[in-house]
Amino acid sequence: MTNTVFELAPELKRDCIELANWPLCKVLLLNDSQYPWFVLVPRQPNLKEIMDLSEADQIVYLKESAKLSKLLIKVFNPDKLNVAALGNMVPQLHIHHIARFKSDKAWPAPVWGKFSAVLYTDEQIVKLKTYF
């Protein structure tokens with residue numbers, strides 16, 4: 001029997017800070033202050049792929065992704081914004097939004113698993129929450 005209640009994947013629960021609930025998605029912050037790294041997760045059970053959403057929700061997901069992207073560009077002014085839906089390690093549908101800078105520690109390589117996380121302070125989290 002499949003789960004009919006939305007639950008955040010344990011890996012996302014462990015590695016992220018919940019910032020907000022938008023109409024479709026939970027907005028998460030990956031707890032690594034080296035990169036402004038956000039994750040959008042639709043609050044619906046049993047989703048693996050974007051095509052698992054209804055067509056109407058696919059549009060909402062894209063709009064929320066664009067909204068988050070615009071916010072990250074406005075707030076952080078990155079050299080590049082990386083947006084990706086991978087799911088090899090966490091099969092629950094989610095899209096990463098990472099503000100990248102030529103000056104960041106991993107540039108130009110991917111950030112995944114490159115360096116140990118540097119956790120956000122409580123003050124940094126409070127400040128980031130004000131944007132949502």
With a 4.5 Å cut-off on side-chain heavy atoms, are Pro45 and Glu7 touching? no
Backbone N/O of Leu12 and side chain of Asp15: donor-acceptor pair under 3.5 Å: no
Taking atom SG of Cys25 and atom CG of Leu93, what is their separation to the nearest 0.5 Å? 8.0 Å
So which atom in Phe6 and which in Pro42 form the shortest heavy-atom distance, rounded to 0.1 Å? CE1-O, 3.2 Å
Between the main-chain N or O of Tyr120 and the side-chain N or O of Asn31, is there a donor-acceptor pair closer than 3.5 Å? yes
Would you check if Leu29 and Lys129 make a side-chain contact, meaning some heavy-atom pair closer than 4.5 Å? no
Verify same cluster id: Leu47, Leu40 (apolar side-chain graph, 4.5 Å): yes
Shortest non-hydrogen pair, Ala106 vs Lys114, comes out as CB-CG, 3.9 Å
What closest approach, in Å, do Phe101 and Trp107 show between heavy atoms, and which atom pair accounts for it? O-CE3, 3.3 Å
Verify same cluster id: Leu30, Tyr131 (apolar side-chain graph, 4.5 Å): no
Could you tell me whether the side chain of Trp112 reaches within less than 4.5 Å of the side chain of Ile98, counting heavy atoms only? yes
side-chain contact (heavy atoms from CB on, under 4.5 Å) between Val60 and Trp22, worked out: CA-CA 10 Å; Val60 174; Trp22 285 355; over 6 Å; no
Leu119, Leu28: one ILVMFWY side-chain cluster at the under-4.5 Å cut-off? no
Verify same cluster id: Leu8, Ile50 (apolar side-chain graph, 4.5 Å): no
Say whether, by atom type as modelled, one donor and one acceptor occur between the side chain of Arg100 and the main chain of Ala109 under 3.5 angstrom. yes
Residue pair Val41 / Gln92, side-chain heavy-atom distance below 4.5 Å: yes
Min side-chain heavy-atom separation His94-Val90 under 4.5 Å: yes
Which atom pairs, one a donor and one an acceptor, fall under 3.5 Å between side chains of residues 32-39 and the rest of the protein, sequence neighbours left out?
unit_1: Asp32; atom_1: OD1; unit_2: Gln34; atom_2: N; d: 3.2
unit_1: Asp32; atom_1: OD1; unit_2: Gln34; atom_2: NE2; d: 2.8
unit_1: Asp32; atom_1: OD1; unit_2: Val118; atom_2: N; d: 3.1
unit_1: Asp32; atom_1: OD2; unit_2: Gln34; atom_2: NE2; d: 3.2
unit_1: Ser33; atom_1: OG; unit_2: Val118; atom_2: O; d: 2.9
unit_1: Gln34; atom_1: OE1; unit_2: Lys105; atom_2: NZ; d: 3.4
unit_1: Gln34; atom_1: NE2; unit_2: Ser116; atom_2: O; d: 2.9
unit_1: Trp37; atom_1: NE1; unit_2: His96; atom_2: ND1; d: 2.8

Look at the side chain of Asp57 and the backbone N and O of Leu53, then say whether any donor-acceptor pair between them is shorter than 3.5 Å. no
Table please: side-chain donor-acceptor pairs of residues 65-88 below 3.5 Å, with sequence neighbours left out.
unit_1: Ser65; atom_1: OG; unit_2: His97; atom_2: NE2; d: 2.8
unit_1: Ser69; atom_1: OG; unit_2: Ser65; atom_2: O; d: 2.9
unit_1: Asp79; atom_1: OD2; unit_2: Lys102; atom_2: N; d: 2.6

Do the side chain of Gln124 and the main chain of Thr121 share a donor and acceptor less than 3.5 angstrom apart? yes
Is there side-chain contact between Glu18 and Lys26, with heavy atoms separated by less than 4.5 Å? yes
